[in-house]
Protein chains: 2
Amino acid sequence: MKKAVEPSAERPVRAADRIRASASELFYREGIRAVGVDEVVERAGVTKPSLYRSFASKDELAAAYMRDYEANFWEKFEKPGGKSYSDAREHVLAYIRVLSANAVAEGYRGCGLTNATVEYPSRDNPARQVAEAHKKLFRRRLRELAGSMGARHPAVLGDALLLLIEGIYVTGQQSEDGPAQSALTVAKLLIDASVAKG
Amino acid sequence: MKKAVEPSAERPVRAADRIRASASELFYREGIRAVGVDEVVERAGVTKPSLYRSFASKDELAAAYMRDYEANFWEKFEKPGGKSYSDAREHVLAYIRVLSANAVAEGYRGCGLTNATVEYPSRDNPARQVAEAHKKLFRRRLRELAGSMGARHPAVLGDALLLLIEGIYVTGQQSEDGPAQSALTVAKLLIDASVAKG
DNA sequence: GTGTATACGTACCGGTCAGTAACATTGTCA
DNA sequence: TGACAATGTTACTGACCGGTACGTATACAC
């Protein structure tokens, strides 16, 4: 008589996964430097050696957090509000609409990848490297979308949108009543002024 | 026979001042959390008790750094490139011109006040409080300038400029080859599209 | 049953952190 | 000379940090 039912319906849930989840939550909310590995494992309900079996160091755990964050970011960016968009302008505006709504909520903490580059000025930090690579990709994607909108200078409009979005990320953490409120209007202004009319 | 010449040309330089200077440099370059008080006093050429005679805690030292940074900021903002401007549009564009030039330099670290709010999510941190108060003032000042430019909606243009500027601060630390390059063009676009023409 | 591999916990390490106590030294002014 | 204020010197604390040596429980193979 073996296990009867449920081969593994109750999930054991690997320690490494619990740690990733715990780290993601804590690192995002409080910052990477502010959170010790003890706090991470305690919240995960595991012990420290389990962490170091799956991750070489706290820095590498932070890098894993960055990769998880990035995957999640792309999902939210490519389907803002869970919806797909064929029109580039509507796509970007939808993302900014959702983003700026979140950014005026209490406790908003901006973009985890951006925050990590602020926390780690040194270029050889593993977490920072993931973040930097992501921001390059994001910039390219925004230029692409700007091109699809028919911008006269897609590079400029793409950069404009990136600057605007990063501005939302960071000002959103400064106060609940910040300039992110105006972001959607600004985005429209920017796009319309950049797209050839006649 | 007293001191002959130079009442104090060779400056004794108060320990507190040396500490402020040392802290400002280190906190800005490496981040506040990343720098220990030992490093601050060592660079200042003083000892730890001297620090704690002038500052109640590291947090309070960080708050002092914020205040110093802010004073310096206003100087640079109100006279970009050392020059005064009577025209609001030229004033803002001059600031953004200088800023974006700095932002593409290697080792650029953005705005110390912005960075501090990223490092300290908790609202009761003394340094963060200084930074938050400053950002409120800055927002008001930009709206004021937007009004002087004759914007149809000064609040929107002011916010647009703030989002843009914060975007420059933060993307400037992500890479030397970032969107800050386009910032001046974007600023002109934004202003021209916001100012009533006919 | 007895290997053997995997997954995990207990207990600990040395270092660094912010902060302090007690005392010695200096320079200034009167 | 004497008093005061500012600083340096030395040594220390307790908490926390990232990281690890080592023992333990379970499961599957033969």
Side-chain angles (χ1 to χ4, degrees), chain A residues 1-23 26-27 30-65 116 119-120 122 124-128, chain B residues 1-23 26-27 30-65 116 119-120 122 124-128:
Chain A
M1 206 168 286
K2 307 211 179 137
K3 281 251 210 61
V5 286
E6 317 277 73
S8 70
E10 323 285 313
R11 57 254 145 104
V13 183
R14 288 287 220 269
D17 295 333
R18 299 179 58 85
I19 291 166
R20 281 177 102 101
S22 158
L26 291 170
F27 286 169
E30 306 184 20
I32 300 172
R33 294 199 116 112
V35 175
V37 290
D38 293 283
E39 199 181 343
V40 171
V41 297
E42 193 203 329
R43 181 178 197 86
V46 301
T47 55
K48 229 182 328 183
S50 285
L51 193 163
Y52 285 98
R53 271 173 218 121
S54 301
F55 306 94
S57 62
K58 184 193 175 182
D59 280 352
E60 285 301 331
L61 174 62
Y65 154 55
E119 279 200 273
Y120 293 101
S122 168
D124 50 4
N125 179 278
R128 190 198 165 95
Chain B
M1 205 168 289
K2 308 214 177 133
K3 279 251 209 59
V5 286
E6 318 277 72
S8 70
E10 323 284 314
R11 55 259 147 99
V13 183
R14 288 288 219 269
D17 295 334
R18 299 180 58 86
I19 291 167
R20 281 176 103 102
S22 159
L26 290 170
F27 285 168
E30 307 184 21
I32 300 170
R33 294 199 116 110
V35 175
V37 292
D38 292 284
E39 198 181 343
V40 171
V41 298
E42 194 204 328
R43 180 178 198 87
V46 302
T47 55
K48 217 163 8 161
S50 284
L51 194 162
Y52 286 97
R53 277 176 206 121
S54 301
F55 306 93
S57 63
K58 184 191 174 183
D59 280 352
E60 284 301 331
L61 174 62
Y65 154 56
E119 279 201 272
Y120 293 100
S122 168
D124 51 4
N125 178 279
R128 189 197 166 96

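Letters A, B, ... mirror the listed sequences (proteins, then strands); counts begin at 1. Values below: all heavy atoms of this structure, side chains included; hydrogens, waters and symmetry mates excluded.
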| said: I need the CD-C1' distance between B:Glu42 and D:dT10, as an integer number of Å. | reply: 17 Å
| said: Tell me every residue that passes side-chain contact (heavy atoms from CB on, under 4.5 Å) with B:Ser54, counting only those two or more places apart in sequence or in another chain. | reply: B:Ala16
| Counting heavy atoms not belonging to B:Glu42, are there more than 12 under 6.0 Å from its CD? | no
| request: Report the distance from atom OH of A:Tyr52 to atom OG1 of A:Thr47, rounding to the nearest 0.5 Å. | output: 12.0 Å
| query | Could you give the angle between the helix axes at the two ends of the helix from C:dG1-D:dC30 to C:dA30-D:dT1, with five pairs per end, rounded to 10 degrees? | reply | 10°
| query | Going 5' to 3' along nucleotides 16-23 of chain C, which nucleotides have protein heavy atoms under 4.0 Å from the base (write B), which only from the sugar-phosphate (write S), and which from neither (write -)? | reply | --BBBB--
| note | Sorted by chain and number, sequence neighbours left out, salt bridge (Lys or Arg N to Asp or Glu O under 4.0 Å) with A:Asp17 holds for none
| request: Could you tell me which residues satisfy salt bridge (Lys or Arg N to Asp or Glu O under 4.0 Å) with B:Arg33, sequence neighbours excluded, listed by chain and number? | output: none
| message | Checking A:Lys58 now: which residues fulfil salt bridge (Lys or Arg N to Asp or Glu O under 4.0 Å) with it, not counting sequence neighbours? | response | none
Using nucleotides 4-6 of chain C, report all nitrogen or oxygen pairs with the protein that are shorter than 3.5 Å.
none

| task | Let me know the distance between CD of A:Glu60 and C1' of D:dG19, rounded to the nearest Å. | result | 14 Å
| said: Just the rounded figure in Å: distance from C1' of C:dC8 to CZ of A:Arg18. | reply: 13 Å
| task | With sequence neighbours left out, write down each residue that passes ring pair (Phe, Tyr, Trp, His ring centres under 6.0 Å) with A:Tyr120, or none if nothing qualifies. | result | none
| said: Taking side-chain contact (heavy atoms from CB on, under 4.5 Å) as the definition, give me every residue that meets it alongside B:Asp59, ordered by chain and number, with sequence neighbours left out. | reply: B:Ser57, B:Asn125, B:Pro126
| task | With sequence neighbours left out, write down each residue that passes salt bridge (Lys or Arg N to Asp or Glu O under 4.0 Å) with A:Arg43, or none if nothing qualifies. | result | A:Glu25
| said: From CZ of A:Phe27 over to C1' of D:dG18, roughly how many Å is that when rounded to an integer? | reply: 12 Å
| task | List for me each residue that meets side-chain contact (heavy atoms from CB on, under 4.5 Å) alongside B:Val46, sequence neighbours excluded, and say none if there are none. | result | B:Ala15, B:Arg18, B:Ile19, B:Val41, B:Ala44, B:Ser50
| message | Counting the atoms with a prime plus P, OP1 and OP2 as sugar-phosphate, which does B:Ser50 contact under 4.0 Å by heavy atoms, base, sugar-phosphate, or nothing? | response | sugar-phosphate
| field | Gap separating the OG atom of B:Ser22 from the CZ atom of B:Phe27, nearest 0.5 angstrom | value | 8.0 Å
